[in-house]
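Reading through the structure tokens given below for one structure.
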Amino acid sequence: MKNSFDDYAGSYEDILKKQLSFFCNDVNYFAKYKVNIVKSSISSCPKKILEYGCGIGRNLPFLRDAFPSAELYACDISKESLVVAAENNKSVKYFHCKTGKSVYDHTFDLVFIANVFHHIPPGSRKETTREIKKMIADNGMLFIFEQNPFNPVTRYMVKTCPFDSDAELISLRKMKKLLLEEDFVIDMTRYTLFFPSFLKKLTFLEQKIGWLPFGGQYYVKALNRLNC
């Protein structure tokens, strides 16, 4: 049965803190971690950024800090989550979307998606990816972060998390295949989150071991080159 994230909009933060308490005291660590990867992986400053599937907006403050001159947008299928996000991030422009159906006609230089695809039913992923592509400008960038199904800790956490009860994890190989089928150009892939926050001094090693399929998550940087 598919989750309604409207039901978790008010309790999402508390559930997340409980889930991540073993790894760190600061639940913002993972949001900052992802945004820092994006920031360090691009050479230009995008003018318009979209977080697709923003939830209650936990990544938005860090996207704002990393790209202060960008026009920042966010969307989600949960209207209640968007209400919470808007209360805490007033400079962001929001719109409601439905899985597989874009209701916005703007295009963005950068689309950021964090831990969303495992909530999209496998039969809808291709259509959703196609709709996301329509929202990315020519030569625009897509960053997707996802849970690594080969990491046993990740699998346990997903299995025991209330709002992940409908999750179907997607491997990096399948994610790349999905993007290539929609004519994205894969620019970079890495496994990441090998170390909890109390070992964050070791994160520099991830540049060397990012090819190993043991990190808690992975990410893909893809380009939308319409004229290539």
Do [X] and [Y] make a side-chain contact, defined as non-hydrogen atoms from C-beta onward lying under 4.5 Å apart?
X	Y	answer
Ile113	Ile132	yes
Asn89	Arg64	no
Asn224	Leu142	no
Glu168	Pro121	no
Lys176	Thr189	yes
Ser78	Ile56	no
Ile144	Leu179	yes
Phe117	Leu169	no

Enter the distance from [X]:[atom1] to [Y]:[atom2] here, rounded to the nearest 0.5 Å.
X	Y	atom1	atom2	value
Tyr52	Met135	OH	CE	5.5 Å
Lys93	Tyr73	NZ	OH	4.0 Å
Ile186	Lys177	CD1	NZ	12.5 Å
Phe30	Asn59	CZ	CG	12.5 Å
Lys174	Glu146	NZ	CD	13.0 Å

With a 3.5 Å cut-off and sequence neighbours excluded, list the donor-acceptor pairs that the side chains of residues 210-221 form with protein atoms.
| from | atom 1 | to | atom 2 | distance (Å) |
| --- | --- | --- | --- | --- |
| Trp211 | NE1 | Lys208 | O | 3.2 |
| Gln217 | OE1 | Lys34 | NZ | 3.3 |
| Gln217 | NE2 | Gln147 | OE1 | 3.3 |
| Tyr218 | OH | Ile170 | O | 2.7 |
| Tyr218 | OH | Ser171 | O | 3.3 |
| Lys221 | NZ | Ser41 | O | 2.9 |
| Lys221 | NZ | Asp187 | OD2 | 3.2 |

Which atom of [X] lies closest to which atom of [Y], heavy atoms considered:
X	Y	value
Ile136	Thr107	C-CB, 4.2 Å
Val116	Gly53	CG2-O, 3.7 Å
Thr154	Asn151	N-OD1, 2.9 Å
Ala66	Val35	CB-CG1, 3.7 Å
His96	Ile77	NE2-O, 2.9 Å
Cys54	Leu82	SG-CD2, 3.6 Å

| said: As a quick check of understanding, evaluate salt bridge (charged side-chain N to carboxylate O under 4.0 Å, His left out) for Lys47 and Glu71, giving each step before the final call. | reply: CA-CA 6 Å; Lys47 294 180 179 179; Glu71 195 174 356; over 6 Å; no
| Between Thr129 and Arg125, is there a donor-acceptor pair closer than 3.5 Å when you use the side chain of the first and the backbone of the second? |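 Side chain of Thr129 to backbone of Arg125, a donor-acceptor pair under 3.5 Å: yes, one is there.
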| query | Which is it for Phe62 and Asn28 under the side chain to side chain contact (heavy atoms under 4.5 Å, CB included) test, yes or no, and what are the steps along the way? | reply | CA-CA 9 Å; Phe62 307 108; Asn28 291 325; 3.7 Å; yes
| What pairs with Pro46 under side-chain contact (heavy atoms from CB on, under 4.5 Å), at least two apart in sequence or on another chain? |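 So Pro46 forms a side-chain contact (heavy atoms from CB on, under 4.5 Å) with Ile42, Ile49, Phe67, Asp109, Leu110.
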| task | Treat each ILVMFWY residue as a node, draw an edge where side-chain heavy atoms are under 4.5 Å apart, and state whether Val185 and Met188 are in one component. | result |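 Val185 clusters together with Met188.
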| query | For the hydrophobic clusters of this structure (ILVMFWY residues joined by side-chain heavy atoms under 4.5 Å, transitively), does one cluster hold both Tyr33 and Phe112? | reply |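 In one cluster: yes.
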| field | Chi angles and distances behind the side chain to side chain contact (heavy atoms under 4.5 Å, CB included) call for Arg130, Lys126 | value | CA-CA 6 Å; Arg130 185 176 298 128; Lys126 186 176 181 67; 3.4 Å; yes
| Full working for side chain to side chain contact (heavy atoms under 4.5 Å, CB included) between Leu63 and Leu72 | CA-CA 8 Å; Leu63 285 168; Leu72 187 55; 4.3 Å; yes
| Aromatic rings Phe143 and Phe145: how do their planes relate, parallel, tilted or perpendicular, breaks at 30° and 60°? |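 Rings of Phe143 and Phe145: parallel, under 30°.
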| request: Please lay out, stage by stage, how Met141 and Val111 fare under the test side chain to side chain contact (heavy atoms under 4.5 Å, CB included). | output: CA-CA 6 Å; Met141 296 170 286; Val111 173; over 6 Å; no
